[in-house]
Amino acid sequence: MRLASPVYDFNGKMLLSQGVVLSAKHISLLQNLLIMQVTIWEDRSPNLPEENIANEPEFPYIEEAFAEPEPVLDLSPRKEPITSSAPFQMLWDAFWSQSPQSELSMHYRRLLEETKHIFSSARLHSRLEKELLNTLAGDILVLTASPVQVLRCLHLHPRNSPYIFHHTLHVALLSALIGKQCDFSEERLQALTLSALLHDVGKVRISLEVLGKQQPLSEDEKEKVRLHSLLGFRFLQKQKEYDLPVLMGVLQHHERLDGSGYPLHTKSDKTHVFAKIIAIADVYDAMTSQKSYGTQHSAFVALDEIQSSILSGQLDTHCGQAFLKLMQNHLAGEWLELTDGRFAQLLFWELTGTHSLVVQTPEKEVLDLQGNHLVRPLRFIPPLYFTDGNTH
């Protein structure tokens, strides 16, 4: 397997030149840097002389997140999420190429690249760049000035990078939105967003073989993964640069208020509010994302699950209701694909969940989906514009 394009680090330094033959050691180093895709030749290029394919440095490359030039070798141990299916690809592409969506897409991709940098640096160098983290948290808060745009990034933007990067960014965006809904001060919002960005940093201490396994995890492997919040807490403690609320959000984001969570089975009165918020954001994005394990659900199934977990005493009532209210306010007007293949615009959704949806088709037919088990919302799609019933 021979590289079809050069390999650069985050600072633009070339580490592998075009034409190098990838060895097992190269691939291992790529994976250790959390770099899961490189561009290769399908066959050896006749323009590359044999003497140029040896004695290369032993480091990997980070590919541009949304470019698909030559054939790509996927080094990820798992199959990555595919947000849109083939029939809708032109619709997605057209949506993200138009202003102001194109600017939003550029902003989202830049935040994603910075998130990649942070995780790669943590895994490779066992350190975090606090200045970059603070800047990233601030940029996320700027984006949350438009909740509708944030939710479109989560629901509609292509996911061409490993799940952990998108998930980290999404949890930070959602946590910041919930914090704003709860009237947090700017200083507290910054700390919350920082904690959310770091909530899965402990996973850099877990082997990629376990994290990327496509088969069901063994009980021993599950226990290793469940340690990531404790590992993240200890990792940040050693940095000696982060306040206790940031650390508690990382440590406790898998705790549940009835004591059924992990790693310490902390109950409500001992769980920090940052962890309560991050837990809600984490559940929502994990349920609505496609990944190598588990089932991808519609947004409304995830919202129902969160509502149910609030009622059962697992998730915090105040933070949970703030999140549900946020979604109720900002999802109205978005477009959905229904399970019967039709498109419809969301007119109304009650906090009681999936069974209180009212939508309108392009033909102006209003559908009350309450109690309708045959037609359900499948997923969000880019906004559509209709003239005399035809899509454009």
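We're numbering straight along the sequence, starting at 1.
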Item checked: side chain to side chain contact (heavy atoms under 4.5 Å, CB included) assessment of Ser126 paired with Lys238 -> CA-CA 10 Å; Ser126 297; Lys238 291 179 181 178; over 6 Å; no
Taking all non-hydrogen atoms of both residues, which atom of [X] and which atom of [Y] are closest, and how far apart?
{"X": "Arg127", "Y": "Phe235", "result": "N-CZ, 4.0 Å"}
{"X": "Leu169", "Y": "Leu112", "result": "CD2-N, 3.9 Å"}
{"X": "Leu374", "Y": "Thr339", "result": "O-OG1, 3.3 Å"}
{"X": "Gly232", "Y": "Val250", "result": "C-CG1, 3.9 Å"}
{"X": "Ser229", "Y": "His253", "result": "CB-CE1, 3.8 Å"}
{"X": "Pro147", "Y": "Leu326", "result": "CB-CD1, 4.4 Å"}

State plainly whether one hydrophobic cluster holds both [X] and [Y], where clusters connect Ile, Leu, Val, Met, Phe, Trp and Tyr through side-chain heavy atoms under 4.5 angstrom apart.
{"X": "Leu194", "Y": "Leu244", "result": "yes"}
{"X": "Leu104", "Y": "Leu111", "result": "yes"}
{"X": "Leu151", "Y": "Leu346", "result": "yes"}
{"X": "Phe165", "Y": "Met106", "result": "no"}
{"X": "Val148", "Y": "Leu336", "result": "no"}

Validation row: [X], [Y] side chains within 4.5 angstrom (heavy atoms):
{"X": "Ile278", "Y": "Ser195", "result": "yes"}
{"X": "Pro263", "Y": "Leu251", "result": "yes"}
{"X": "Val171", "Y": "Asp200", "result": "no"}
{"X": "Leu338", "Y": "Leu357", "result": "no"}

Checklist line | Pairs meeting criterion ring pair (Phe, Tyr, Trp, His ring centres under 6.0 Å) with involvement of residues 256-276, two or more places apart | finding: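 Passing the test, one end in residues 256-276: His254-Tyr262, His272-Phe274.
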Rounded to the nearest 0.5 Å, how far apart are [atom1] of [X] and [atom2] of [Y]?
{"X": "Leu154", "Y": "Leu174", "atom1": "CG", "atom2": "CG", "value": "5.0 Å"}
{"X": "Leu156", "Y": "Glu334", "atom1": "CG", "atom2": "CD", "value": "7.0 Å"}
{"X": "Leu124", "Y": "Phe119", "atom1": "CG", "atom2": "CZ", "value": "14.5 Å"}
{"X": "Met327", "Y": "Leu324", "atom1": "CE", "atom2": "CG", "value": "8.5 Å"}
{"X": "Lys203", "Y": "Thr168", "atom1": "NZ", "atom2": "OG1", "value": "8.0 Å"}

Taking salt bridge (charged side-chain N to carboxylate O under 4.0 Å, His left out) as the test, write out the residues that go with [X], two or more places apart.
{"X": "Arg342", "result": "Asp340, Glu365"}
{"X": "Glu305", "result": "none"}
{"X": "Asp139", "result": "Arg110"}

Checklist line | Verdict with supporting geometry, Glu363 and Thr361, side chain to side chain donor-acceptor pair (under 3.5 Å) | finding: CA-CA 5 Å; Glu363 296 76 27; Thr361 69; 3.3 Å; yes
Next item on the list: Please identify each residue that fulfils ring-ring contact (aromatic ring centres under 6.0 Å, His included) with His167, with sequence neighbours left out.
Entry: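 For His167 the ring-ring contact (aromatic ring centres under 6.0 Å, His included) partners, ignoring immediate neighbours, are Tyr163, His199.
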Item checked: Partner set under ring-ring contact (aromatic ring centres under 6.0 Å, His included) for His297, not counting sequence neighbours ->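 His297 satisfies ring-ring contact (aromatic ring centres under 6.0 Å, His included) with no residue once adjacent residues are dropped.
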For residues 313-322, which side-chain N or O atoms pair as donor and acceptor with protein atoms under 3.5 Å away, sequence neighbours left out?
from, atom 1, to, atom 2, distance (Å)
Gln314, NE2, Ser260, OG, 3.3
Asp316, OD2, His318, N, 3.2
Asp316, OD2, Cys319, N, 2.8

Next item on the list: In plain terms, say whether Glu219 and Lys222 are close enough for a salt bridge, that is, a side-chain N and a carboxylate O under 4.0 Å apart.
Entry: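 Lys222 and Glu219: salt-bridged.
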Notebook entry, point to check: Any ion pair linking Arg376 and Asp304 (charged N to carboxylate O, less than 4.0 Å)?
Noted result: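 Salt bridge absent between Asp304 and Arg376.
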Measure from the side-chain N and O atoms of [X] to the backbone N and O of [Y], and report whether any donor-acceptor pair falls under 3.5 Å.
{"X": "Gln252", "Y": "Lys270", "value": "yes"}
{"X": "Thr144", "Y": "Leu141", "value": "yes"}
{"X": "Thr288", "Y": "Tyr284", "value": "yes"}
{"X": "Ser120", "Y": "Lys116", "value": "no"}

Note to self: Before you tell me yes or no, could you show the steps for Ile310 and Phe323 under side chain to side chain contact (heavy atoms under 4.5 Å, CB included), namely the whole-Å CA-CA distance, both residues' side-chain angles and the distance that decides it to 0.1 Å?
What the structure shows: CA-CA 11 Å; Ile310 293 169; Phe323 173 68; over 6 Å; no
Checklist line | All pairs passing salt bridge (charged side-chain N to carboxylate O under 4.0 Å, His left out) where residues 165-191 contributes a residue, at least two apart | finding: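 Residue pairs passing salt bridge (charged side-chain N to carboxylate O under 4.0 Å, His left out), neighbours aside: none found.
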Next item on the list: Please collect all salt bridge (charged side-chain N to carboxylate O under 4.0 Å, His left out) contacts where either partner lies in residues 247-269, sequence neighbours excluded, each pair once.
Entry: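 Sorted pair list comes back empty.
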Next item on the list: Evaluate the side chain to side chain donor-acceptor pair (under 3.5 Å) criterion for residues Ser161 and Arg109: first the C-alpha distance (whole Å), next the side-chain angles of each, then the deciding distance (0.1 Å), finally the verdict.
Entry: CA-CA 10 Å; Ser161 294; Arg109 284 182 287 171; over 6 Å; no
Note to self: With salt bridge (charged side-chain N to carboxylate O under 4.0 Å, His left out) as the criterion, how do Lys224 and Glu221 come out once you've worked through the C-alpha distance, each side chain's angles and the decisive distance to 0.1 Å?
What the structure shows: CA-CA 5 Å; Lys224 288 180 180 177; Glu221 289 168 334; over 6 Å; no
Next item on the list: Name the orientation class of the two ring planes belonging to Trp349 and Phe300 (parallel below 30°, tilted from 30 to 60°, perpendicular beyond 60°).
Entry: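 Because their plane-to-plane angle is over 60°, the rings of Trp349 and Phe300 count as perpendicular.
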Notebook entry, point to check: Which ILVMFWY residues are connected to Val142, directly or by a chain of links, through side-chain heavy atoms under 4.5 Å apart?
Noted result: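 For Val142, no cluster forms, as it stays isolated from other hydrophobic side chains.
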Check: Who else is in Val366's hydrophobic cluster (ILVMFWY, side-chain heavy atoms under 4.5 Å, direct or via others)?
Finding: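 Cluster partners of Val366: Leu347, Phe348, Val358.
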Margin query: Assess the residue pair Leu133 and Val246 against the criterion (side chain to side chain contact (heavy atoms under 4.5 Å, CB included)); give the C-alpha distance rounded to whole Å, side-chain angles, the decisive distance to 0.1 Å, and a yes or no.
Written below: CA-CA 12 Å; Leu133 270 167; Val246 173; over 6 Å; no
Margin query: Taking atom CZ as the centre, does Arg205 end up with more than 12 heavy-atom neighbours from other residues, nucleotides or ligands that are less than 6.0 angstrom away?
Written below: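 Above 12, so yes.
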Check: So does Lys130 have more than 12 non-hydrogen atoms from other groups sitting under 6.0 Å from NZ?
Finding: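 Yes - once you tally the heavy atoms of other residues, nucleotides and ligands closer than 6.0 Å, there are more than 12.
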Next item on the list: Verify the distance criterion only: is there a donor paired with an acceptor across the side chains of His107 and Gln149 at less than 3.5 Å?
Entry: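 There is no such pair between these side chains.
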Check: What pairs with Ala137 under side chain to side chain contact (heavy atoms under 4.5 Å, CB included), at least two apart in sequence or on another chain?
Finding: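 Once residues adjacent in sequence are excluded, the partners of Ala137 under the side chain to side chain contact (heavy atoms under 4.5 Å, CB included) criterion are Gln190, Thr193, Leu197.
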Next item on the list: For side chain to side chain contact (heavy atoms under 4.5 Å, CB included), just list the numbers for Ser268 and Lys276, CA-CA rounded to whole Å, side-chain angles, deciding distance to a tenth of an Å, and then say yes or no.
Entry: CA-CA 9 Å; Ser268 177; Lys276 295 175 181 179; 3.8 Å; yes
